[in-house]
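Below, each value reflects all heavy atoms present in this structure, side chains not excepted, and no hydrogens, waters or symmetry copies. This one's a predicted model, so the numbers in the text were calculated from it and none came from an experiment.
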Amino acid sequence: NIELVIPVLEMTDRFSGLERKVQLKASKWKEATEDSPRKVAQIQVVAKWGGELTVNGLAQAQDLGARLRHALYPDDPTGLLRLHSSFRHDFKIYSSQEGRCQITAAAFTKGFLDLDGDIIPILVSLVTREHYAQSLLDEPVPKKLRDQVKKKIEELMLSYQDLGEVFEAACPTDHTGLREAAYRIGSPLQKLHTIRYDVLEYIQEIAASKDRTFQEMRRHQPGAKLKEGSEDEDPHEDCGDDAVPLGIQEHRWRKLFEGFVDVRDPEKGMVDENVTYNTTKIPDLWDNLYYDMLTHRHYLGDRAVKKAEQLVVSIHPLNEWVCLSEYGISKEEKLRIGVDVTWRLVGKMLNDLEFMIEEDVGSIDKSGKHSLDGGASGVPRTLSGMSKNSGRPCSEVPGVPSPSGPGGPGGPGANGEA
């Protein structure tokens with residue numbers, strides 16, 4: 001409903017431009033005919049708020065930049081700062097379009113270059129967000145392989161079979177954390193049922209805490225009188241901002257629960273046999289729970305905190321296993337997805353390194369010393385084995401599959417096809 005979106009977009013004090021995004025997605029199409037092309041019949045409007053970096057997040061990003069500077073120049077940490085100003089202004093940090101990512105990149109740059117002042121000027125002048133940067137970071141999405149992995153995760157998670165009994169399928173690698181998580185999960189579907197019951201109770205405890213807080217605040221407001229029997233009165237009206245986090249928290253959890261639990265037949269109710277789950281929401285459950293325990297513990301009552309601590313025990317192993325598996329369960333899947341995502345950025349880094357050492361190429365021998373003749377004993381002209389004309393690898397690395405698809409580093413036929 002567009003009427004619900006408008007007030008959200010007008011929240012200029014809490015919904016700043018860097019974090020907000022509105023997307024239009026075609027959800028239904030009208031098929032093409034002889035007289036007209038295919039047209040959009042229905043559009044889904046998605047209003048996103050990408051989150052806001054916390055004060056701790058800013059401090060951590062800035063500290064990371066300072067620590068990297070000290071690690072690169074341990075004997076002369078101010079050496080980088082004394083470089084010519086033109087080089088410092090050529091320094092670029094690549095970031096995606098997400099607001100929190102841009103702010104993190106700017107805070108890191110502030111610490112790395114020991115800059116003063118506000119974050120925004122640093123963001124504008126030193127953080128790169130143009131199309132080329134986006135193509136390095138966001139463009140290569142191996143959707144087909146990711147969908148295959150997602151299907152495997154759903155098959156394993158929506159089964160009563162203990163993960164320890166299907167260890168080869170659930171944990172084909174030697175990752176210790178993955179195996180520990182599988183043992184702690186036991187029967188995944190039974191664990192999800194338990195989480196569903198606990199999340200419902202947790203939401204009820206949040207609602208009860210919110211109502212108690214509102215009532216307590218109204219009792220302490222000067223001149224406030226509780227009216228009984230008035231159906232039109234909002235019991236939460238004029239209660240101040242201190243109780244607002246509980247209301248937002250309750251809404252957030254109810255919305256998340258609706259996306260996590262799917263009832264097959266509404267007439268049969270929410271019984272175990274009539275319920276399935278969206279396993280992609282497991283990390284969201286953990287993130288929301290972790291956030292509540294860090295920031296809202298003092299708002300919640302003792303009963304809500306106790307229920308949240310029970311949820312931590314139940315959700316943590318599922319979150320560990322899903323997060324470690326969503327980019328590939330087997331070694332081959334992890335490698336192929338990783339190569340598809342990173343090859344553009346890695347190639348850019350290698351080309352930059354080649355450009356910076358170009359003056360010394362051919363005059364350095366294998367021991368790292370300058371050769372007198374500058375002859376054939378020098379290092380190769382391109383360290384990465386990438387052709388400067390094509391930007392593609394000249395040879396295959398054994399055991400590393402080349403990304404497929406048009407424009408990929410392996411190009412047509414990279415997977416053995418003619």
Side-chain angles (χ1 to χ4, degrees), residues 5-24 45-73 76-141 248 252 283-284 287-288 290-291 294-295 341-353 355-356:
V5 176
I6 292 174
V8 175
L9 298 178
E10 292 177 345
M11 294 168 56
T12 55
D13 57 332
R14 289 178 289 167
F15 197 60
S16 59
L18 275 177
E19 286 83 22
R20 62 182 173 182
K21 181 191 303 182
V22 177
Q23 293 178 334
L24 301 179
V45 180
V46 182
K48 287 187 175 181
W49 183 58
E52 187 174 352
L53 198 62
T54 63
V55 175
N56 287 338
L58 277 170
Q60 289 172 1
Q62 188 171 341
D63 179 65
L64 177 62
R67 286 192 288 116
L68 178 60
R69 170 163 45 86
H70 284 274
L72 291 174
Y73 301 89
D76 185 16
T78 62
L80 178 67
L81 309 180
R82 293 197 303 268
L83 291 174
H84 194 274
S85 60
S86 62
F87 175 82
R88 292 181 63 190
H89 285 285
D90 285 338
F91 178 84
K92 296 292 183 183
I93 294 287
Y94 293 112
S95 170
S96 69
Q97 293 288 355
E98 291 292 339
R100 62 183 183 276
C101 297
Q102 296 181 42
I103 297 296
T104 302
F108 169 85
T109 306
K110 182 177 181 179
F112 186 65
L113 297 180
D114 197 22
L115 301 174
D116 296 323
D118 193 35
I119 289 291
I120 300 302
I122 300 173
L123 170 64
V124 173
S125 60
L126 295 176
V127 177
T128 305
R129 303 172 305 280
E130 80 273 6
H131 175 72
Y132 177 65
Q134 288 295 107
S135 69
L136 293 177
L137 295 166
D138 290 345
E139 187 174 311
V141 179
I248 298 174
R252 175 163 44 86
D284 294 338
D287 289 343
N288 278 269
Y290 189 78
Y291 178 73
L294 285 179
T295 61
V341 170
T342 61
W343 72 266
R344 288 178 174 86
L345 182 59
V346 173
K348 171 71 166 60
M349 294 168 62
L350 289 172
N351 282 332
D352 287 349
L353 289 172
F355 174 79
M356 295 303 296

- Quick one: pull up OH in Tyr291 and OG1 in Thr54 and give me the separation to the nearest 0.5 Å. 9.0 Å
- Task: Begin from the C-alpha positions of Met349 and Leu353 and carry the test side chain to side chain contact (heavy atoms under 4.5 Å, CB included) through to its verdict.
- Result: CA-CA 6 Å; Met349 294 168 62; Leu353 289 172; 5.5 Å; no
- Message: According to side chain to side chain contact (heavy atoms under 4.5 Å, CB included), who are the partners of Pro121, at least two apart in sequence or on a separate chain?
- Response: Asp118
- Under the side chain to side chain contact (heavy atoms under 4.5 Å, CB included) rule, collect the residues that match up with Ala106, sequence neighbours excluded. Ile119, Ile122, Leu123, Val127
- Message: Check whether Lys110 reaches the backbone of Ala61 with its side chain - one donor and one acceptor, N or O, closer than 3.5 Å.
- Response: no
- Considering all heavy atoms, the nearest Leu113-Arg69 contact: N-NE, 4.4 Å
- Can Leu58 and Ile103 be said to form a side chain to side chain contact (heavy atoms under 4.5 Å, CB included), step by step? CA-CA 8 Å; Leu58 277 170; Ile103 297 296; 3.5 Å; yes
- Residues two or more places apart in sequence or in another chain: which of them pass side-chain hydrogen bond (donor to acceptor under 3.5 Å, both in side chains) with Asp63? Arg67
- Message: Let me confirm one number: the OG1-CG distance from Thr109 to Leu126, rounded to the nearest 0.5 Å.
- Response: 6.0 Å
